[in-house]
K.L.:
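One structure, pasted below without further comment.
Read the numbers this way: they start at 1 and go in the same order the structure lists the ligands and their atoms.
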Amino acid sequence: MPHRNISVMISTQHQLLPKSDQRIMEEEEFLEENSECEVSNAYPLASDSGPRVFKILPKWVPKASYYFDKEHYCYASHQITIQESIESLGAIVWPGALALCQYLESNQQEINIKDKKILEIGAGTGLVSIVASILGAFVTATDLPEILENLEFNISRNTRNLNVHKPEVRKLVWGENLSEEFPKATHHYDFIVATDVVYNHTALDPLLRTISYLCQPGTILLWANKFRFSTDYEFLDSLGKILNVTQLAEFPESNVKLFKGTVREN
Ligand SMILES: C[S@@+](CC[C@H](N)C(=O)[O-])C[C@H]1O[C@@H](n2cnc3c(N)ncnc32)[C@H](O)[C@@H]1O
């Protein structure tokens, strides 16, 4: 995990404002004070063959930070502030998200997402969708209904003043109502992205069906995951039966692997 700059500042300036306005004003002041952020590229570690091996770099560089429940990151020269909570798994940033953001930022020629249509499943706090949006993609970020408010908040606060394609936030429950809510004829995506969606939960079959449904010919799946359990490897095997899967990168310090999947051509 990268370092997290967690410090608390007692704010007295805007206490009379409604809470939402207060958050936005504080946010804007923070961004003004910290408008420059260091750009540091991921550096691959030496590897003889196979996927490139990366070290996840500390990506936050704020000069000041406040509120213990906010995290600050820097990707593609932009400060990104993520509101986290302890309420659900989708309310914190997971290591797979950091790995994929770093990879997208550092490999823009290899994985060119500018003006491409991207759908993220299990988007959580929205960090990957925000970075994809900053890098020029048309982004649809999806998750369970109870995650969407914070997801929308994070995506909006981090993209609203930028010249980017406006990201969309939508409910997508794995395996449910896919053909009604995401009909294939009108919903073709260039990339499906997913980070740390595989762990010890009971929805692995619906997740696999969802990935299979969303990946049409021409779609590229980018899946970054921390590998912990035997079920993670079983999922990888199952995925390999429905898509052509290759490993793009490895992040040994966090045990994250990044895979690319494409539809098999018959
Ligand atoms: C471990 S979190 C990862 C969040 C984010 N991708 C990241 O890497 O920071 C898993 C995400 O999958 C979502 N999720 C879990 N089960 C789901 C389901 N059945 N349908 C849709 N999303 C689900 C959770 O709400 C959560 O946002």
Side-chain angles (χ1 to χ4, degrees), residues 1-2 4 54 56 59-60 69-73 75 80-105 118-133 137 139-155 158 167-182 187 189 191-215 221-229 231-232 235 238-239 249 251 253-259:
M1 293 288 286
R4 293 171 171 200
F54 288 80
I56 293 185
K59 297 300 291 187
W60 58 269
D69 57 351
K70 283 183 187 160
E71 298 233 339
H72 302 287
Y73 298 89
Y75 289 100
I80 299 171
T81 305
I82 295 292
Q83 177 78 37
E84 292 192 316
S85 87
I86 54 169
E87 283 158 25
S88 82
L89 294 178
I92 56 169
V93 176
W94 288 70
L98 300 175
L100 184 55
C101 287
Q102 181 171 317
Y103 193 86
L104 290 174
E105 178 193 50
I118 290 191
L119 181 133
E120 180 174 17
I121 55 173
T125 60
L127 180 62
V128 171
S129 284
I130 292 163
V131 171
S133 185
V139 173
T140 302
T142 70
D143 209 304
L144 296 168
E146 62 269 27
I147 303 296
L148 298 185
E149 190 183 341
N150 195 47
L151 176 60
E152 173 98 59
F153 179 76
N154 280 329
I155 289 184
N158 285 289
E168 184 188 15
V169 175
R170 286 188 64 177
K171 178 187 82 165
L172 189 161
V173 182
W174 301 332
E176 288 186 15
N177 304 325
L178 292 172
S179 53
E180 293 82 24
E181 291 174 22
F182 295 85
H187 291 69
Y189 295 96
F191 292 90
I192 302 299
V193 297
T195 62
D196 278 323
V197 290
V198 177
Y199 49 98
N200 200 7
H201 62 69
T202 54
L204 290 176
D205 286 343
L207 172 62
L208 195 65
R209 287 203 305 277
T210 301
I211 291 174
S212 173
Y213 175 86
L214 293 169
C215 287
L221 169 72
L222 295 174
W223 168 45
N225 218 92
K226 183 175 175 88
F227 276 68
R228 311 168 177 89
F229 310 112
T231 45
D232 301 340
F235 186 90
S238 306
L239 188 68
F251 300 77
E253 289 185 349
S254 56
N255 223 11
V256 170
K257 299 177 196 301
L258 170 62
F259 296 96

K.L.:
Say whether Tyr73 and Glu71, considering side chains only, have a donor N or O and an acceptor N or O under 3.5 Å apart.
P.N.:
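Glu71 and Tyr73 do have a side-chain donor-acceptor pair below 3.5 Å.
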K.L.:
For Ile92, take its heavy atoms, then give the atoms of ligand 1 lying under 4.0 Å from any of them.
P.N.:
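Heavy-atom distances to Ile92 below 4.0 Å select 9 (O).
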K.L.:
For Gly124, does its backbone N or O pair with a side-chain atom of Asp143 as donor and acceptor, under 3.5 Å?
P.N.:
yes
K.L.:
Are any of the N/O atoms on Asp196, whether in the backbone or the side chain, positioned under 3.5 angstrom from an N/O atom of ligand 1?
P.N.:
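For ligand 1, there is no N or O atom that lies under 3.5 Å from one belonging to Asp196.
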K.L.:
Which atoms of ligand 1 sit under 4.0 Å from any heavy atom of Tyr199?
P.N.:
1 (C), 10 (C), 15 (C)
K.L.:
Within ligand 1, which atoms have a heavy atom of Thr195 less than 4.0 Å away?
P.N.:
3 (C), 5 (C), 6 (N), 7 (C), 8 (O)
K.L.:
What do you reckon, is CD of Glu180 surrounded by more than 12 foreign heavy atoms closer than 6.0 Å?
P.N.:
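Atom CD in Glu180 is packed in, count exceeds 12.
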K.L.:
Not counting sequence neighbours, which residues clear side chain to side chain donor-acceptor pair (under 3.5 Å) with Lys226? List them please.
P.N.:
none
K.L.:
Under 4.0 Å, counting heavy atoms only: does Thr210 come that close to any atom of ligand 1?
P.N.:
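Thr210 does not count as a contact of ligand 1 under the 4.0 Å cut-off.
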K.L.:
Can any side-chain N or O of Arg170 pair as donor or acceptor with the backbone N or O of Glu181 at less than 3.5 Å?
P.N.:
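Answer holds: yes.
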K.L.:
Considering the heavy atoms of Leu172, write down every atom of ligand 1 situated less than 4.0 Å from one of them.
P.N.:
20 (N), 21 (C)
K.L.:
Ring centres under 6.0 Å, that's the criterion: do Trp223 and Phe235 meet it?
P.N.:
yes
K.L.:
Atoms of ligand 1 less than 4.0 Å from Val93 heavy atoms?
P.N.:
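Under 4.0 Å from Val93, ligand 1 has these atoms: 9 (O).
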K.L.:
Can you tell me if Val173 has a non-hydrogen atom under 4.0 Å from ligand 1?
P.N.:
yes
K.L.:
Of the listed options (Ala99, Ala97, Gly122), which comes nearest to atom 5 (C) of ligand 1 when hydrogens are ignored and any heavy atom counts?
P.N.:
Gly122
K.L.:
Does ligand 1 come near enough to Thr125 that some N or O of the ligand is less than 3.5 Å from an N or O of the residue?
P.N.:
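No: no nitrogen or oxygen of Thr125 is under 3.5 Å from one in ligand 1.
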K.L.:
Hey, is Ala123 touching ligand 1 through its side chain, its backbone, both or neither, going by heavy atoms under 4.0 Å?
P.N.:
backbone
K.L.:
Verify, without hydrogens or angle tests, whether Asn154 (side chain) and Gly126 (backbone) share a donor-acceptor contact under 3.5 angstrom.
P.N.:
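Between the backbone of Gly126 and the side chain of Asn154 there is no qualifying donor-acceptor contact (under 3.5 Å).
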K.L.:
How does Ile147 reach ligand 1, by side chain, by backbone, by both or by neither, if only non-hydrogen atoms under 4.0 Å count?
P.N.:
side chain
K.L.:
May I ask you to decide if the ring planes of Tyr199 and Trp94 are parallel, tilted or perpendicular, using 30° and 60° as cut-offs?
P.N.:
parallel
